[in-house]
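Below: the structure, in structure tokens.
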Amino acid sequence: MEIQWTLLIFSLFVSLGMGSFAIVAITELRGIMPGIRLPGAITSLAALGIGSAASYFHLGHPEKIFHILGNIRSGIAQELIVTSIASAVIFVYTVLLWKDSAPDVRRKLALVGLILSPVVPFATGRIYVLAARPAWDTWLLPLMYVASAAVLGAFTMYLWIMLREPDQKTLATVNKAALLGQVAFTVTIAAYLIYVAMAPHPHSSRSVARLLTGDLALLFWGAVVLIGQLGPLFLTWRNMQGPPTSLQAGVPVSPASGGISGAVAATAENRLILAIMGLLCALVGSTAIRMIVYLIGSSVQSYIY
Amino acid sequence: MTRKIMIVDLDRCIGCHSCAVACKQENGISLGVFYNKVRTVGPFGNYPDLELYYLPVICQHCNKPECVNVCPTAASYKRQDGIVLVDHNKCIGCQYCIMACPYGVRTYDKAKGVIEKCTLCAHRVEVNEVPACVSICPGKARIFGDLDDPNSEVSKAVREAGSFLHRFADVGNEPGVGYILKSRKWRS
């Protein structure tokens, strides 16, 4: 099937928004890193807004949107419901945070938001679990979207920490979260592709060979594997190399003292560049795997269109 | 109960495409949109032993239509008589049903912002007429009627076809349209 760009942008930004809010919620509940909560929450809201706007433009008749509750068993209806609830929770949390009021309510909203953080990206992936399209008919697909949300959120918040509170402890914590999320993303992608290789109704349009050596090889090896998986794994590993003492002192460390790690990740400026690169890699990887999901999503038998 | 279905006798289909033309005329379908298409399956084999057949394709009006299950607005629905329709007043054009349909027989009409598909000419069925594609077919390849009526022409055709009655791949949706093919090997 053709790439549905509006839906791709929707799921990508909703994942980024919910992944970011998960970390904001954890900082709220644990009482740490107060400086990144507001920018994180605003980023989350903005991402949900961009995603929702994209989905709006996907519809032929968005003015009839309230008909969408006509069948709440539908994956799209469930997706809309959980996204709306999450958006409302994050909006209220952000307003309270902005006013610096009602800390107890904020903690409860953070808890609800944290619970919804995997639920919303799961719902955006769950709509593709359809028997008509063998390459989509697996629960590994929504799990992959959840892992994607974890990666996008962790790298987004890593960047905010670099900009707002670049101390070693918080960076190390979020870097570990990014690494775990990235490993989960890589594992779920691998599991998904194994499923695709064994899916019923095999056809060349949805074969793994198309990814490995066919017309999608460049997209798969270049964007998904190299930039989307190896890139972030390398960057998180690099960020774990050696204490970033220069963050406080602002003095570059001699490359000779830390080898490649020292050369690349010694200064705060370089670490900021690495943080930006990490987020870009996560965005490229998450976008590319979604493109592939569409491109191998051929139906069992397509006759008229 | 009533279950309106269509059976297509592929041994009688000459591939003239008049059903596709009649469908477009009857339903006023937009340019580039089709409810009905005739596909050519083959040729297969080696000269001079070649064979092909024509395969008229429409919405299969499934017994368990996934398009109805996934429709968030309940715009896609199945009538008591088994015909699957789209209520354009409710359709928001989300195109989820297109993803859920195993056969690619639904299309998004960009001009109207809604989903279009074969209606089995429900407006004609309601006044006891047969679909336009059935009435136009010069080879009388299409048979339409009530499967639950044992004396209907369609029920008799199904019984007589026996193992030569074929259907598209079933992924749990139970396609309703049947294809009779005796003279050649079913390859669809």
Side-chain angles (χ1 to χ4, degrees), chain A residues 1-7 10 54-81 83 123-137 141 199-203 205 293-294 297-305, chain B residues 20 32-39 41 55-60 62 64 66-77 87-118 168-173 175 188:
Chain A
M1 126 173 271
E2 291 178 357
I3 298 170
Q4 305 291 308
W5 284 106
T6 48
L7 296 180
F10 168 72
S55 71
Y56 178 90
F57 288 114
H58 175 75
L59 301 179
H61 283 285
E63 78 280 3
K64 299 181 192 171
I65 191 70
F66 291 108
H67 283 301
I68 216 164
L69 298 175
N71 178 16
I72 58 169
R73 289 178 308 160
S74 166
I76 285 191
Q78 292 166 3
E79 181 186 63
L80 178 81
I81 290 168
T83 306
T124 63
R126 170 245 186 270
I127 68 162
Y128 297 104
V129 183
L130 298 166
R133 297 181 188 268
W136 295 359
D137 194 21
L141 184 54
H201 306 283
H203 188 265
S205 65
V293 166
Y294 283 117
S298 52
S299 65
V300 175
Q301 291 173 308
S302 189
Y303 287 113
I304 293 184
Y305 297 99
Chain B
V33 177
F34 293 89
Y35 291 179
N36 177 99
K37 264 189 179 176
V38 181
R39 306 288 299 256
V41 180
L55 182 73
V57 180
I58 58 168
C59 168
Q60 301 294 291
C62 303
K64 296 178 180 174
E66 189 62 11
C67 54
V68 171
N69 290 337
V70 303
C71 178
T73 64
S76 285
Y77 65 102
D87 181 348
H88 285 172
N89 292 318
K90 290 183 180 176
C91 181
I92 57 172
C94 70
Q95 303 159 61
Y96 194 18
C97 55
I98 291 178
M99 292 184 185
C101 174
Y103 313 117
V105 292
R106 286 180 166 234
T107 188
Y108 176 60
D109 188 328
K110 284 184 181 175
K112 296 177 183 171
V114 294
I115 299 301
E116 296 275 21
K117 64 175 278 298
C118 162
F168 290 160
D170 184 358
V171 288
N173 47 296
S188 301

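Everything numeric here is computed off the predicted structure, so don't read it as measured data. Throughout, a chain's letter reflects where its sequence line sits, starting with A, and its residues are numbered from 1.
With a 4.5 angstrom heavy-atom cutoff, B:Asn173 does not touch chain A via any of its atoms. Proximity to chain A (any heavy atom under 4.5 Å) is restricted, for B:Val68, to the backbone atoms N, CA, C and O. Of the atoms belonging to A:Gln4, it is side-chain heavy atoms, and not backbone ones, that fall under 4.5 Å from chain B.
Of the residues considered (A:Val300, A:Leu69, A:Ile68, A:Leu80), A:Ile68 shows the highest number of contacts with chain B, using heavy-atom pairs under 4.5 Å. Between chain A and the options B:Ala169, B:Ala74, B:Gly172, B:Ala75, heavy-atom pairs under 4.5 Å are most frequent for B:Ala169. Interface remark: of the candidates B:Ala100, B:Pro72, B:Cys101, B:Pro72 forms the most heavy-atom pairs closer than 4.5 Å to chain A. When the candidates A:Ala132, A:Gly70, A:Gly297, A:Ser299 are compared by the number of heavy-atom contacts under 4.5 Å with chain B, A:Ala132 comes out ahead. Top candidate by heavy-atom pairs under 4.5 Å with chain A, chosen from B:Met99, B:Lys90, B:Lys110, is B:Met99. Interface remark: of the candidates B:Asp109, B:Val70, B:Leu55, B:Val70 forms the most heavy-atom pairs closer than 4.5 Å to chain A. Per-residue heavy-atom pair counts under 4.5 Å with chain A were compared for B:Asn69, B:Thr73, B:Val114, B:Ile92, and the maximum is reached by B:Ile92.
Smallest separation of non-hydrogen atoms from A:Asn71 and B:Cys71: ND2-O, 2.8 Å. Pairing each heavy atom of B:Ile98 with each of A:Arg133, the nearest pair is O-NH2, 3.1 Å.
A side-chain donor-acceptor contact under 3.5 Å links A:His61 to the backbone of B:Lys112. For B:Tyr96 (side chain) and A:Ile127 (main-chain N/O), a donor-acceptor pair under 3.5 Å exists by modelled atom type.
Interatomic distance, CD1 of A:Ile76 versus SG of B:Cys97, reported as 9.0 Å (0.5 Å rounding). Interatomic distance, NZ of A:Lys64 versus SG of B:Cys91, reported as 6.5 Å (0.5 Å rounding).
Counting heavy atoms from C-beta on, the side chains of A:Gln301 and B:Val57 never come closer than 4.5 Å.
Residue A:Glu63 places its CD atom among more than 12 non-hydrogen atoms of other residues, nucleotides or ligands, all under 6.0 Å distant.
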